[in-house]
Visitor: 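Below is one structure. I have some questions about it.
A, B, ... follow the sequence lines: proteins, then strands. Residue 1 opens every chain. No hydrogens, no waters, no symmetry mates; every other heavy atom, side chains included, goes into these values.
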Number of protein chains: 2
Amino acid sequence: MDKVQADAKARRAGNGGRAERAAQRDPERTRASILAAATVEFAENGIGGARVDAIAERAGTNKRMLYHYFGDKEQLYLAVLEEAYIGIRTAEKSLNLSDLAPEQGVAELAMFTWKYFLEHPEFLSLLGTENLHRARWLRQSTRLKELHSHFIDKLADLLDRGKAKGLFRVDVDPLNVYLTIAALGYFYLSNQHTLTTIFGRDLMEEASLEAWKRHIVQVTLASIRR
Amino acid sequence: MDKVQADAKARRAGNGGRAERAAQRDPERTRASILAAATVEFAENGIGGARVDAIAERAGTNKRMLYHYFGDKEQLYLAVLEEAYIGIRTAEKSLNLSDLAPEQGVAELAMFTWKYFLEHPEFLSLLGTENLHRARWLRQSTRLKELHSHFIDKLADLLDRGKAKGLFRVDVDPLNVYLTIAALGYFYLSNQHTLTTIFGRDLMEEASLEAWKRHIVQVTLASIRR
DNA sequence: TCACAAAGTAACCGTTTAGTTACTGGCTTG
DNA sequence: CAAGCCAGTAACTAAACGGTTACTTTGTGA
């Protein structure tokens with residue numbers, strides 16, 4: 001039994017031990033439960049493969065509630081996508097690069113990105129789905145357009161400090177650096193299944209993951225050093 | 001009208017100008033036409049979003065022929081995937097790295113991979129779909145398991161020559177180098193839609209593409225040099 | 001305390017979908 | 001040259017699917 005189903009069952013059983021709130025009718029919890037179930041379903045099957053019935057069942061509720069809270073399948077997908085982006089943007093805020101030495105800062109950024117991707121495979125999968133559809137929902141979402149990353153600005157500052165110290169090449173572009181870090185992490189994880197099959201090596205064992213993390217840091221730094 | 005539809009229409013009109021073969025009944029051509037249409041459909045919509053009717057229509061034939069030649073939707077998808085892999089493996093053969101200086105060879109490999117990815121977006125898309133499904137069809141295909149790439153071996157030779165000359169670090173791993181090249185190309189192209197939306201820059205204009213190609217070469221070389 | 005609104009359920013509906021059947025027409029070969 | 005097989009067509013079917021209807025239950029505040 002996965003987490004989502006367990007949650008749903010607990011909810012159905014009445015209140016979950018805490019006396020604060022009678023859990024039999026709990027709109028927020030139902031909504032959240034549907035969203036969590038939809039995240040799993042869309043991440044595992046894509047938008048065309050996801051089944052509305054499967055989401056309702058996973059959430060421990062029924063379709064009527066899903067349509068009640070989210071309108072239709074596409075709007076539910078959009079909500080899932082928005083939540084996923086909010087998740088990474090929120091996590092990004094916890095990373096403070098301005099106190100670090102330039103090289104250390106770039107390394108931290110790379111390791112942060114790697115860790116986030118590793119811990120949130122559903123985010124990578126949703127990105128893949130969204131790109132298959134030419135970012136149709138991302139472009140449509142005003143909420144997500146406002147929610148832009150401040151990573152590039154932070155990284156630009158960091159690189160400028162490194163350039164001033166003569167550590168980094170002056171023609172280094174922050175976007176390129178960020179794309180490099182993201183590319184190395186994304187490809188390794190999102191394509192793990194075909195790569196493992198073709199090269200006959202398990203890329204997901206602890207030692208391989210640790211080695212690839214070091215590789216990302218090393219590659220990124222080597223590419224920007226003067 | 002796209003290429004596939006045009007082909008189908010030409011076929012339907014009788015023979016296509018060449019007198020060699022009466023085109024009214026042409027199993028090979030019908031099969032190829034279905035395969036081409038299916039490649040487009042699966043690449044655009046993924047496996048869950050692809051429609052058998054749409055494939056038949058695109059191919060200028062009907063469903064009966066599709067089931068006649070390929071069995072069912074999944075086997076058709078497998079045929080598409082196999083053909084896509086055969087395509088890249090065939091192209092790889094045209095690349096001869098053994099005559100080149102080590103640095104030149106690595107640069108050529110990087111540029112070849114970039115060019116292939118750029119010219120075959122359907123291959124990237126199919127890879128994405130296949131990974132979403134944990135390489136279910138790739139693992140199933142005996143034909144594809146036999147069709148392994150010789151790139152890693154060729155690259156290993158190249159790197160060894162570079163190491164012997166004192167150009168490359170001795171701890172450089174060929175698989176890592178190949179993954180690095182593939183990652184940088186794959187991510188930039190497959191995620192172009194979300195990236196363009198979020199960063200507000202068109203990554204697909206000629207100058208950007210050229211710059212990223214140079215970036216891949218530079219990053220790869222910088223990461224392996226002693 | 002009861003009326004009302006919102007949460008929740010289950011059975012239902014029309015359409016779309018993958019897959020099939022029953023058939024026609026043309027190419028090859030004994 | 002006819003028999004038989006294979007390419008090809010169109011209409012059909014059963015199941016799955018997204019979405020809705022009609023209804024019940026529960027919490028709340030006048």
Visitor: Rounding to a whole Å, what distance do you find between N62(B):CG and dA11(D):P?
Guide: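 Going from CG in N62(B) over to P in dA11(D) covers 11 Å.
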
Visitor: For the pair made of CD in E57(B) and P in dA18(C), what is the distance, rounded to whole Å?
Guide: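 Roughly 13 Å, once rounded to whole Å.
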
Visitor: How many angstroms lie between atom CD of E57(B) and atom NZ of K63(B), to the nearest 0.5 angstrom?
Guide: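 Reported value, rounded in 0.5 Å steps: 11.5 Å.
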
Visitor: What's the NE2-C1' distance between H68(A) and dC23(D), to the nearest Å?
Guide: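 Those two atoms, NE2 and C1', are 15 Å apart.
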
Visitor: Assess the side chains of E130(A) and Y77(A): does a donor N or O sit below 3.5 Å from an acceptor N or O?
Guide: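 Yes, Y77(A) and E130(A) have a side-chain donor paired with an acceptor closer than 3.5 Å.
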
Visitor: OP1 or OP2 of dG19(D) sitting under 4.0 Å from any side-chain N/O of K63(A)?
Guide: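 Checking dG19(D) against K63(A), no side-chain N or O comes under 4.0 Å of OP1 or OP2.
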
Visitor: Looking only at side-chain atoms of Y67(B), point me to the closest of dG8(D), dG18(D), dT20(C).
Guide: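 Closest nucleotide to the Y67(B) side chain: dT20(C).
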
Visitor: Does A56(B) reach a base, just sugar-phosphate, or nothing at all? Heavy atoms under 4.0 Å.
Guide: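 No contact.
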
Visitor: Step by step, work out the side-chain contact (heavy atoms from CB on, under 4.5 Å) result for E92(B) and F112(B).
Guide: CA-CA 8 Å; E92(B) 283 172 359; F112(B) 169 87; 4.0 Å; yes

Visitor: If only side-chain N and O atoms of T61(B) are considered, is one of them under 4.0 Å from the OP1 or OP2 phosphate oxygen of dT9(D)?
Guide: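 Yes, because at least one side-chain N or O of T61(B) sits under 4.0 Å from OP1 or OP2 of dT9(D).
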
Visitor: How many whole angstroms separate atom CZ of R31(B) from atom P of dA7(D)?
Guide: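 The answer, rounded to whole Å, is 12 Å.
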
Visitor: Do R139(A) and H193(B) come close enough that some side-chain heavy atom pair is under 4.5 Å?
Guide: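 No - every pair of side-chain heavy atoms lies 4.5 Å or more apart.
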
Visitor: Say whether T30(A) and H68(A), considering side chains only, have a donor N or O and an acceptor N or O under 3.5 Å apart.
Guide: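 Short answer, no.
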
Visitor: Would you mind reading off the distance between D53(A) atom CG and dG18(D) atom P, rounded to a whole angstrom?
Guide: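 Taking CG of D53(A) and P of dG18(D), I get 6 Å after rounding.
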
Visitor: Using atom OH of Y69(B) as one end and atom P of dG19(C) as the other, report the distance to the nearest whole Å.
Guide: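 In whole Å, dG19(C) P lies 19 Å from Y69(B) OH.
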
Visitor: From CZ of F70(B) over to P of dG19(C), roughly how many Å is that when rounded to an integer?
Guide: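 Those two atoms, CZ and P, are 14 Å apart.
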
Visitor: OP1 or OP2 of dC17(D) sitting under 4.0 Å from any side-chain N/O of R51(A)?
Guide: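 For dC17(D), OP1/OP2 do have a side-chain N/O of R51(A) under 4.0 Å.
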
Visitor: Quick one: K73(A) NZ to dG19(D) C1', roughly how many Å, whole number?
Guide: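 Whole-Å distance recorded here is 12 Å.
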
Visitor: Between dA22(D), dA7(D), dA22(C), which nucleotide gets closest to the side-chain atoms of R64(A)?
Guide: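 Looking only at side-chain atoms, R64(A) lies closest to dA22(D).
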
